[in-house]
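First the structure, in the form of structure tokens, and then the observations on it.
In what follows, chains carry the letters A, B, and so on, assigned in the order in which the sequence lines appear, proteins first and then strands, with residues in each chain numbered from 1. Values below: all heavy atoms of this structure, side chains included; hydrogens, waters and symmetry mates excluded.
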Amino acid sequence: MLEEFKYLGEELAYEVVVENTNKVADMVEDFLPIPNETFPPVIEGSDTELREMCYNKAKRIYGDPMPEVVKKRLDRELNSIISNGYAVMYIIAQKLVTKSLADGYLVGSRGSVGSSLAATMSDITEVNPLPAHYICENEDCKYSYFYAVGEWGSGVDLPDKDCPKCGRKLKKDGHDIPFEVFLGFEGDKEPDIDLNFSGSYQPVIHKYTEELFGEGHVYRAGTIGTVADKTAYGYAKKYVEENDLDVPSAEVLRLAKGCTGVKRTSGQHPGGVMVIPNYKEVYDITPIQYPANDVNCGVITTHFDYHSISGRILKLDILGHDVPTIIRMIEDITGLDATTIPLDDKETMSIFTSTEALGVTPEEINCPIGSLAIPEFGTSFVRQMLLDTKPTTFAELVRISGLSHGTDVWLNNAQDLVVDKVVEFKDVISTRDDIMNYLLFKGLPPKMAFTIMENVRKGKGLKPEFIEEMNKHNVPQWYVDSCQKIKYMFPKAHAVAYVMMSFRLAYYKVHYPAAFYATYFTTKAQDFDADLIVGGLDSIKQKINEIHELGNDATAKDKTMLTVLEVALEMYARKIKIIPVDIYKSDATKFIVVDDSTILPPMIALQGVGENAAINIQKERENGEFISKEDLRKRTKISKTVVETLSNHGSLNDMSEKNQLSLF
DNA sequence: CAGTCGATTCAGGTAAC
DNA sequence: ATGACGTTACCTGAATCGACTG
Ligand SMILES: Nc1nc2c(ncn2[C@H]2C[C@H](O)[C@@H](COP(=O)(O)OP(=O)(O)OP(=O)(O)O)O2)c(=O)[nH]1
Ligand SMILES: [Mg+2]
Ligand SMILES: [Zn+2]
């Protein structure tokens, strides 16, 4: 630049180019685009409201006065929660859950909040983190017995017992989870509350959050989509092809590498809702925007992504999940309230190690155990783990849940330790909580134990000072190595919540098979090929083999199709069949249980029939029979491809092409 | 009636919990 | 057969269909 300004003369050029620019730079004051403080929402009286709500429920369950363990735990938690300003978060979450339940949609527990008894006592989670215990539900008795921390992995595994005071059968609960996993030792962790809502209900509850805090104070967190490896490679390859360049493949890779990481689009966070307190404006924190491809969907997102504004304002994670949808539907069909299902049912437990309870042989379903279609337990990886570990208790399922999520947790890590007999299955690291508990047991300072746990669960490995401290306290080498390998790890609370739900679904699978498959396929209707599956065992088996033969060439679509087919195979082996789609009787999107051995698929289950088409048919058939294919197409506005699909499947019987009347 | 344009659907890719 | 974290939802671009236009 000095060169450019040479015409001013050396001295003046230096002043203009170097000195003055610096002066201008110095005049600009430093300021942060996003302030570095926290702005929690304030709701008058939420501290006392939370305290009272928790005490009330605790007393209702455990009696008044509360047992010492309960009171101590609750007080310790509430003091930490309230002094760190998180009471509002609990109160809001509680309101959301209440609203959803009132509207008939069960809420699934999720995340680290299950580590908080206050959360259990304010209905935010159904996970009870107290140590294993018995409690008598008799109002006039309320006998309770608590085991020590560490004695039982889960209270539901306790042997059945009658109340020594009144004789009533005791309830068993308590999953033995430390509170600090959620909030840390000094409240310095930024926790969020995660909740699983039914996918179809998620928009409603997002709107409700806005009602609670007022318009202009609630926004969906935005995300930033970038050009990642595959897209970058696609760009580079297309560029080379379109320009007829003859370059080595290394050059294509080099070009691709240059494109990766470039911001491409904005997106919506799966469930993150950011709350702006009433004494602030959004613009104090972040610009806002519509989603990239739709200004009319009613959603406004933050322009900055969650990560860059986290820690400053409150975030609720209101996620959509299929399990609440499934439970809702299966309760409607069977009339059985899922929360009443015993979590120690022997038959249900047995499907995690055998097919017997399903009434089929391993050969028939091509799988030695019965966990297909059970969320997070049905993939071939987890099935193999179940075969290797043969769980018989709830607590073991929880450990398996922990071990089966995250890279280098089981394979290349815990599994080797068990196989090489370095440690037993019960001693390997299966959840975050294991790490903190063990390090505390070994005598590490609490803060350090917590920090190590947080680093390991995020896959950050161990810093030298951590290893030094661990060595000082005689933490064995295998433990240090194991921590170093872990890339991600569940909190126990999350594993417990998910196992509870999976176990309930397993119960339905054993005892209400038709309802189970109907609900399962309803959530997978998009990947369900009714035309193929009505063909029965033979056509299912054939397609499964075809996909297997594809090997590594199988696309993502083939893989999802395979999962559905495996379940369909099992369903047929259990003597339940699918009948053809019926344009008058089939629902648009739901599978209908006709009787114990027959399921009627929805119209959407035909490949090529979209949701709109299916809904239109369902609506229009109320206005009378379709007299011809032409009539069907005109009245429902479906395309001729859809009509053909229906016709080929046999859903239109002998319906004529044109209206008969038009012939005259 | 060919060509254009908007709407709709689907698969692949990405982000996030 | 292998090796394998599982699940959900959004965004883009290509493919397809059907309506409109000149
Ligand atoms: N399988 C799997 N589940 C995940 C993953 N990330 C998050 N989850 C599930 C388990 C978490 O407990 C739950 C909520 O995620 P969060 O990001 O809120 O983390 P979590 O609640 O565990 O900890 P937190 O106290 O919020 O920092 O979602 C993942 O990479 N794989
Ligand atoms: Mg969380
Ligand atoms: Zn009693």
Exercise. Any sub-3.5 Å donor-acceptor pair from Glu331(A)'s side-chain atoms to Ala338(A)'s backbone N or O?
Worked result: yes

For this session: Describe the nucleic acid contact of Thr226(A) in one word from base, sugar-phosphate, nothing, applying a heavy-atom distance below 4.0 Å.
Result: sugar-phosphate

For this session: Mind checking Arg264(A) for me? I need base, sugar-phosphate or nothing, with any heavy atom below 4.0 Å counting as a touch.
Result: sugar-phosphate

Exercise. Nearest nucleotide by nearest heavy atom, which residue falls closer to the 5' end of DNA chain C, Lys524(A) or Ser380(A)?
Worked result: Ser380(A)

Problem set entry | Cation over ring face, Lys315(A) and Tyr306(A), 6.0 Å, 45° | yes

For this session: Check every strand shown and say whether Ile224(A) touches a base, only sugar-phosphate, or nothing at a heavy-atom separation below 4.0 Å.
Result: sugar-phosphate

For this session: Name the nucleic acid region contacted by Lys637(A), choosing base, sugar-phosphate or nothing; use a 4.0 angstrom heavy-atom cut-off, strictly under.
Result: nothing

For this session: Look at the side chain of Thr231(A) and the backbone N and O of Val227(A), then say whether any donor-acceptor pair between them is shorter than 3.5 Å.
Result: no

For this session: Assign Gly234(A) to base, sugar-phosphate, or nothing according to its heavy-atom contacts below 4.0 angstrom with the strands shown.
Result: nothing

Exercise. With a cut-off of 6.0 Å (strictly less than), are more than 12 heavy atoms of other residues, nucleotides or ligands near CG of Asp294(A)?
Worked result: yes

For this session: For the pair Phe490(A) and Tyr488(A), name the ring-plane relationship: parallel under 30°, tilted 30 to 60°, perpendicular over 60°.
Result: perpendicular

For this session: Would you mind classifying the nucleic acid contact of Gly320(A) as base, sugar-phosphate or nothing, using non-hydrogen atoms under 4.0 angstrom?
Result: sugar-phosphate

Exercise. Within the structure shown, what part of the strands sits under 4.0 Å from Asn552(A) by heavy-atom distance: base, sugar-phosphate, or nothing?
Worked result: base

Problem set entry | Inter-end axis angle, the helix from dC1(B)-dG22(C) to dC17(B)-dG6(C), with every axis fitted to five base pairs (rounded, 10 degrees) | 10°

Seminar exercise, completed: The first and last nucleotides of DNA chain C lying within contact of chain A, meaning any atom under 4.0 Å from one of its heavy atoms, run from dA1(C) to dG18(C)

For this session: Taking the six-membered ring for Trp and the full ring for Phe, Tyr or His, determine whether the centres of Tyr105(A) and Phe197(A) are under 6.0 Å apart.
Result: no

For this session: May I ask you to decide if Lys590(A)'s main-chain N or O and Thr522(A)'s side chain share a donor-acceptor pair within less than 3.5 Å?
Result: no

Exercise. Is Asn293(A) touching bases, backbone alone, or none of the nucleic acid, heavy atoms closer than 4.0 Å?
Worked result: base

Problem set entry | Contact interval (first through last nucleotide) of DNA chain B with protein chain A, 4.0 Å heavy-atom | dT9(B) to dC17(B)

Exercise. Can Arg399(A) be said to sit on top of Phe425(A)'s aromatic six-ring, NZ or CZ under 6.0 Å from centre and within 45° of the ring axis?
Worked result: yes

Exercise. Got a second to check how far Gln202(A)'s CD is from Ile318(A)'s CD1, nearest 0.5 Å?
Worked result: 8.0 Å

For this session: Identify, between Pro270(A) and Leu550(A), the residue whose nearest nucleotide on DNA chain C lies closer to the 5' end.
Result: Leu550(A)

Seminar exercise, completed: Result for 5'-nearest mapping on DNA chain B, choosing between Val227(A) and Tyr306(A), is Val227(A)

For this session: Sticking with atom P, work out how far dC17(B) lies from dA4(C), rounded to a whole angstrom.
Result: 25 Å

Exercise. Do the non-hydrogen side-chain atoms of Lys485(A) and Thr407(A) ever get within less than 4.5 Å of each other?
Worked result: no

For this session: Could you check whether Asp294(A) gets within reach of a base, just the sugar-phosphate, or nothing at all, counting any heavy atom under 4.0 Å?
Result: nothing

Exercise. Would Tyr290(A) and His303(A) count as a close aromatic pair, with their ring centres under 6.0 Å?
Worked result: no

Exercise. So what does Lys559(A) touch, heavy atoms closer than 4.0 Å: a base, only the sugar-phosphate, or nothing?
Worked result: nothing

For this session: Answer yes if the ring centres of Tyr520(A) and Phe591(A) are under 6.0 angstrom apart, and no otherwise.
Result: no

Problem set entry | Sugar-phosphate only, base, or nothing, as touched by Lys487(A) at under 4.0 Å among non-hydrogen atoms | nothing

